[in-house]
Amino acid sequence: MLNEIQIAMFNKAKAFQQEHITTANTWEEFVNILDTKAGFVSAHWDGTPETEEKIKELSKATIRCIPLDNPQEEGICILSGKKSTQRVLFARAY
Amino acid sequence: MGKELTSRSQDYSQWYNDLIIKGQLADYSAVRGCMVIKPYGFALWENMRDVLDKMFKETGHQNAYFPLFVPKSLFEAEEKNAEGFAKECAVVTHYRLKTDPNNAGKLMVDPEAKLEEELVVRPTSEAIIWNTYKGWIQSYRDLPLLINQWANVVRWEMRTRLFLRTAEFLWQEGHTAHATAEEAIEETRRMLDVYADFAENWMALPVIKGVKSPNERFAGAEDTFCIEALMQDGKALQAGTSHFLGQNFAKAFDVKFSDKNNKLDYVWATSWGVSTRLIGGLVMAHSDDDGLIIPPRIAPIQVVIVPIYKGEDQKAQIDEVVSVMMKEMKALGITVKYDDADNSRPGWKFAEYELKGVPVRIAVGARDLANQVVEVARRDTKENKTSLFQVSLHILRNC
């Protein structure tokens, strides 16, 4: 039973985590997800510290990480509209 | 019961504080921003520490201990690191008190006991450690150097929260030195994997492994890798970091080694750490409105047994059965507690162990004894079922 509990706890938390990784393609979507569902938001960022800082200032969300083995994907930065090569994970954090 | 808990929907942060305080993990202290870790919370930390310590040793690391104080001249040697931490450093300027001549019974700082050089209370130990490594590393034969220390550190935080952000906290910090950048990067990634393995398989805490943006990098690092966890309110928590430090500290402290061809080069470095903050993450990720839910593999108490009886005769009969059960459970390596204190009712005890997040509760009632059954309850799902003694042991062992 102890093993079963250990596994059930992980699975429950894992399901919650998976449900809370949401893709945003526009600034409105981005802010809306943060304000309602929260969790991680996967979005394009132009790679500059200035944009990162500005996003933090406007939304209180920070780049939590660029996931390992992150797929490369052409896109447009949710704030600056500049070209981006990959999505990164944003979230409000402790 | 006097244990009313705030619910998550009412006030998530108050819920969190209630669980920590009423669940007996920690308490506020007389020092602003510092907490007292209570025995139950410390037992949890010890279990986490023991697992991590074993993992570090299995990956070739040894423990050592370095001083709490860092002379200011050493602290400032690696400029980015110093600049990054400067705003949250506690600094020792004097080494003596004396009786205050103008205020009977009071003490004052002795102005004559001013230190020639201020001492910084470590917010992290790269400086003191790399200053030491200079004397330990001369040749490629001295590498890799794989050291970990378990310690307390101080970061003068303005806004503090129990476990998640405290001015003083407990952690481990690994500091390694390597002959090549590739080896150091490999080590950085290896320790990130160790942290992810620990978080997921021991704390039941799923994490995302990644690399930080330059803005969020550790001060003095070339690259910071991290594991990020998600709390029930949808906020993220950085649960551990592993840094590739390049040659920054080797250059700041002039740590060079001669390679096989007698060529001198600066050493490559990593550092990595997790702290008591993980306990905050554990609480926020798993618990519910009735209290903590601690994953069995690190729980200070895995199974609690509560007797339900009237009179000494019944109690004696239960004791007998329980002693057999406990013996068998201990033989299985299960940490079990028999709470037969007669100063509180079974219902109160049930709520108490729910609050403390003990994974399994077994109630042994006098009436059930005749049928050789007990009630087994799971903390995570609140399911409970009646089963035979032998079956209950079987369930504990095999599932």
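Here is how names work: the chains are called A, B, and so on, in the same order as the sequence lines, proteins then strands, and each is numbered from 1.
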Out of B/Ile208, B/Leu205, B/Val207, which residue meets the side chain to side chain contact (heavy atoms under 4.5 Å, CB included) rule with A/Gln17? B/Ile208

Heavy-atom nearest pair, B/Pro296 first then A/Met9, reads CD-SD, 4.2 Å

Top contributor to chain B contacts, counting heavy-atom pairs under 4.5 Å, from A/Ala93, A/Gly47, A/Ala38: A/Ala93

Please determine whether the number of non-hydrogen atoms from other residues, nucleotides or ligands lying under 6.0 Å from atom NZ of B/Lys382 exceeds 12. yes

Around atom NZ of A/Lys14, are there more than 12 heavy atoms of other residues, nucleotides or ligands at under 6.0 Å? yes

Do you know which of A/Gly39, A/Ala8, A/Ala61 has the most heavy-atom pairs with chain B at a distance under 4.5 angstrom? A/Gly39

Under a 4.5 Å cutoff for heavy-atom pairs, which residue among B/Glu200, B/Arg379, B/Arg165, B/Glu216 has the most contacts with chain A? B/Glu200

B/Cys226 versus A/Arg64, closest heavy-atom pair with distance: SG-O, 3.7 Å

Run B/Met203 and A/Phe10 through side chain to side chain contact (heavy atoms under 4.5 Å, CB included) and show every step you take. CA-CA 8 Å; B/Met203 299 183 66; A/Phe10 177 79; over 6 Å; no

Apply side chain to side chain contact (heavy atoms under 4.5 Å, CB included) to residues B/Asn215 and A/Ile63 and explain how you reach the verdict. CA-CA 9 Å; B/Asn215 260 2; A/Ile63 298 176; over 6 Å; no

Under 3.5 Å: donor-acceptor pair, side chain of B/Lys209, backbone of A/Pro67: no

Engaged part of A/Leu34 at the chain B interface, taking heavy atoms whose separation is under 4.5 Å: neither

Would you say NZ of A/Lys54 has more than 12 non-hydrogen atoms from neighbouring residues, nucleotides or ligands within 6.0 angstrom? no

Any chance CG of A/Leu58 has more than 12 other-residue heavy atoms, nucleotides or ligands included, within less than 6.0 Å? yes

B/Ile227, part contacting chain A, at a heavy-atom distance under 4.5 Å: neither

So which part of B/Asp233 gets closer than 4.5 Å to some heavy atom of chain A, the side chain, the backbone, both or neither? both

At a 4.5 Å cut-off on heavy atoms, which part of B/Ala299 comes close to chain A: side chain, backbone, both, or neither? neither

Region of A/Ala91 that comes under 4.5 Å of a non-hydrogen atom in chain B: side chain

Smallest heavy-atom separation, B/Val360 atom then A/Ile5 atom, equals CG2-CD1, 3.6 Å

Carefully, step by step, assess B/Arg378 and A/Glu4 under the rule side chain to side chain contact (heavy atoms under 4.5 Å, CB included). CA-CA 10 Å; B/Arg378 268 173 77 153; A/Glu4 214 172 87; 3.0 Å; yes

Structural part of A/Ile7 lying under 4.5 Å from a heavy atom of chain B: neither

Between B/Ala204, B/Pro214, B/Pro359, which shows the greatest number of heavy-atom pairs under 4.5 Å with chain A? B/Ala204

Just checking B/Glu88: does its CD atom have more than 12 heavy atoms from other residues, nucleotides or ligands closer to it than 6.0 angstrom? yes

I'd like to know whether A/Tyr94 forms a side chain to side chain contact (heavy atoms under 4.5 Å, CB included) with B/Gln238, so could you lay out the CA-CA distance, the side-chain angles of the two residues, the decisive distance to 0.1 Å, and finally the verdict. CA-CA 8 Å; A/Tyr94 283 100; B/Gln238 178 177 296; over 6 Å; no

Can you see which heavy atom on B/Ser213 is nearest to which on A/Trp45, and at what distance? CB-CH2, 3.9 Å

Identify which of B/Gly234, B/Ala236, B/Gly210 forms the greatest number of heavy-atom pairs closer than 4.5 Å to chain A. B/Ala236

Considering residues, nucleotides and ligands other than A/Glu73, do more than 12 of their heavy atoms fall under 6.0 Å from its CD? yes

What residue among A/Glu19, A/Gln18, A/His20 forms side chain to side chain contact (heavy atoms under 4.5 Å, CB included) with B/Leu230? A/His20

Nearest non-hydrogen partners of B/Met231 and A/Phe16, listed with the distance: O-CE2, 3.3 Å

Give the minimum heavy-atom separation between B/Arg189 and A/Leu68, together with the two atoms involved. NH2-CD1, 3.7 Å

